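Note that the coordinates shown come from a computational prediction; the quantities given were computed from them, not determined experimentally. Order of the sequence lines sets the chain letters (A, B, ...), proteins ahead of strands, with each chain counted from 1.
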Amino acid sequence: MKLITTILQILLIHLFFFIGVGIKSYVPIPIPASMIGLLVLLLALFLKLVKIEWIEKGGNWLLAELLLFFIPSAVGIVDYEEILGMKGMEMILLIGISTFIVLGTTAFIADSIQKHKGSATK
Amino acid sequence: MNLIIFTILTFLIYRFTKKANKKWNFPLLHPLLISPMLIIILIKSLNISTDTYAHASKLLTFMLGPATVAFAIPIYKHFHLVKKYIANIIVSVTAGTLVAIFSSFALAMVLGLNADYIISVLPRSITTPIAIEVSKEIGGLPTLTTIFVIITGIIGGIIGPYEIKWLSIKSPIARGLALGMSAHGVGTSKAMEYGEQEATFSTLAMIFAAWITLAWASLLIPALMNIFHLH
């Protein structure tokens, strides 16, 4: 029963994805169909057209298993042989330095704003 | 037939690597690193072309779309936090996206990478489904972008806790935003180890980073590419 509920909920979320695809095919906006679907679903939740209980189980499954959906794309790496050599090391270095800076900057700014407000979250 | 076999196979390998990762909790055992490796070894030894595999596993890739839609759930459930901390979220995540794009760009230029690599690395700090869209939009190669997003997540997940400790970042909002901004979903799963607040802010940072980067993809990045003649 729980499995059927989850599957039905995932199908309902698919419906919003297809609404996003539909809107995108009529309105040429540079926003991915999935993002349009997200906004439409959010709107439907706020307007009480959709209850959170109708999608929560399915949605949480999709989010918890997000990594699974990336795997086929990651397998595509074998078509870029150069990345397994020197080029790959360079990319790891680049991404490592950049990620370090991004993490530090974001943490520092968010922390400063929080301290400035003087009201830390519990 | 292939569709069913490869979907189930990928799922099983994924479950196995996820369990192994949970058991040993060693960053390099990340499912996104080990699963593709095992699949590559398997299809290579069975003489199956990567095209066949890509075609047969397209159902899984397709699910990225609906999975992105599902991010409406955490936003809706934590909307009071979004409202309360909107200024902080927007300022720090906007700064994060700018630093991500400009530092990746500058380092790529220093390393003398070719245009495909430079363009494909720019959206690396956001969640894969949106990074792929941004990559297409700006003329990058989605597969390369996916790989860079994965490397970003793994590195962020490894260095994140050390850097947070080293910078003595104490507030849950700053920890969460930093992890979600710098390491998207992998950062968010790290944030869960700190607590629910950190995980929530990490999720919000991840979604806002995707939205803001989408805006940069049509405003800032084309200008950057024009200046440096990358097309």
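Contact record, Pro129(B) with Phe70(A): CD-CE2, 3.5 Å, taken as the closest heavy-atom pair. Minimum interatomic distance between Pro72(A) and Tyr53(B) (heavy atoms only, all atoms of both residues): CA-CE2, 3.9 Å. Of all the heavy atoms in Ala174(B) and Ala107(A), the pair that sits closest is CB-O, 3.7 Å.
If you measure heavy-atom distances from Ile169(B) to chain A, the contacts under 4.5 Å come from both the backbone and the side chain. For Ala44(A), no part lies under 4.5 angstrom from a heavy atom of chain B. Neither the backbone nor the side chain of Ala33(A) comes within less than 4.5 Å of any heavy atom in chain B. Only the side chain of Ile147(B) comes within less than 4.5 Å of a heavy atom in chain A; its backbone stays farther off. With a 4.5 angstrom heavy-atom cutoff, Leu39(A) touches chain B only via side-chain atoms. No part of Lys58(B) comes within reach of chain A, as not one of its non-hydrogen atoms sits under 4.5 angstrom from that chain. Residue contact with chain B, scored on non-hydrogen atoms closer than 4.5 Å, involves the backbone and the side chain of Ile13(A) alike. Neither the backbone nor the side chain of Lys136(B) comes within less than 4.5 Å of any heavy atom in chain A. For Val110(B), no part lies under 4.5 angstrom from a heavy atom of chain A. Interface remark: Leu64(B) contributes backbone and side-chain atoms alike to the contact with chain A (heavy atom separation under 4.5 Å). At a 4.5 Å heavy-atom cutoff, Leu59(B) makes no contact with chain A through either its backbone or its side chain. With a 4.5 angstrom heavy-atom cutoff, Ala183(B) does not touch chain A via any of its atoms. At a 4.5 Å heavy-atom cutoff, the contact between Ile52(A) and chain B is made by side-chain atoms alone. Residue contact with chain A, scored on non-hydrogen atoms closer than 4.5 Å, involves the side chain of Arg124(B) exclusively. If you measure heavy-atom distances from Ala100(B) to chain A, the contacts under 4.5 Å come from both the backbone and the side chain.
By the 4.5 Å heavy-atom criterion applied to side chains, Lys87(A) and Leu113(B) are counted as neighbours. With contacts defined as side-chain heavy-atom distances shorter than 4.5 Å, the pair Thr152(B)/Ser98(A) does not qualify.
The distance from atom CG of Asn88(B) to atom CG of Asp111(A), rounded to the nearest 0.5 Å, is 9.0 Å. Taking CD1 from Ile89(B) and OG1 from Thr106(A), the interatomic distance works out to 12.5 Å, rounded to the nearest 0.5 Å. The CD1 atom of Ile155(B) lies 12.0 Å from the CG atom of Leu103(A); values are rounded to the nearest 0.5 Å.
Checked by atom type, the side-chain pair Tyr117(B)/Glu82(A) shows a donor-acceptor distance below 3.5 Å. Neither side chain, Ser73(A) nor Thr146(B), offers a donor N or O lying under 3.5 Å from an acceptor on the other. With no hydrogens or angles considered, no side-chain donor-acceptor pair links Thr143(B) and Asp79(A) at under 3.5 Å.
Looking only at heavy-atom pairs under 4.5 Å with chain B, the residue among Ile55(A), Ile77(A), Leu68(A) that has the most is Leu68(A). Comparing Ala72(B), Ser103(B), Ala205(B) by heavy-atom pairs within less than 4.5 Å of chain A, the highest count is held by Ala72(B).
The closest donor-acceptor contact from the side chain of Glu90(A) to the backbone of Leu111(B) lies at 3.5 Å or more, if one exists at all.
Around CE of Met89(A), the count of heavy atoms belonging to other residues, nucleotides or ligands within 6.0 Å does not exceed 12. Counting non-hydrogen atoms of neighbouring residues, nucleotides and ligands closer than 6.0 angstrom, the CZ atom of Phe108(A) reaches no more than 12 such neighbours.
Between Phe46(A) and Phe79(B), the ring-plane angle classifies as perpendicular under the 30° and 60° cut-offs. Classified by interplanar angle (parallel below 30°, tilted 30° to 60°, perpendicular above 60°), the ring pair Trp166(B)/Phe100(A) is tilted.
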- Task: Go through the steps to decide whether Val40(A) and Val69(B) satisfy the test side-chain contact (heavy atoms from CB on, under 4.5 Å), and finish with yes or no.
- Result: CA-CA 9 Å; Val40(A) 176; Val69(B) 175; over 6 Å; no
Ring pair (Phe, Tyr, Trp, His ring centres under 6.0 Å) assessment of Phe62(B) paired with Phe17(A): CA-CA 11 Å; Phe62(B) 168 81; Phe17(A) 174 66; 5.5 Å; yes
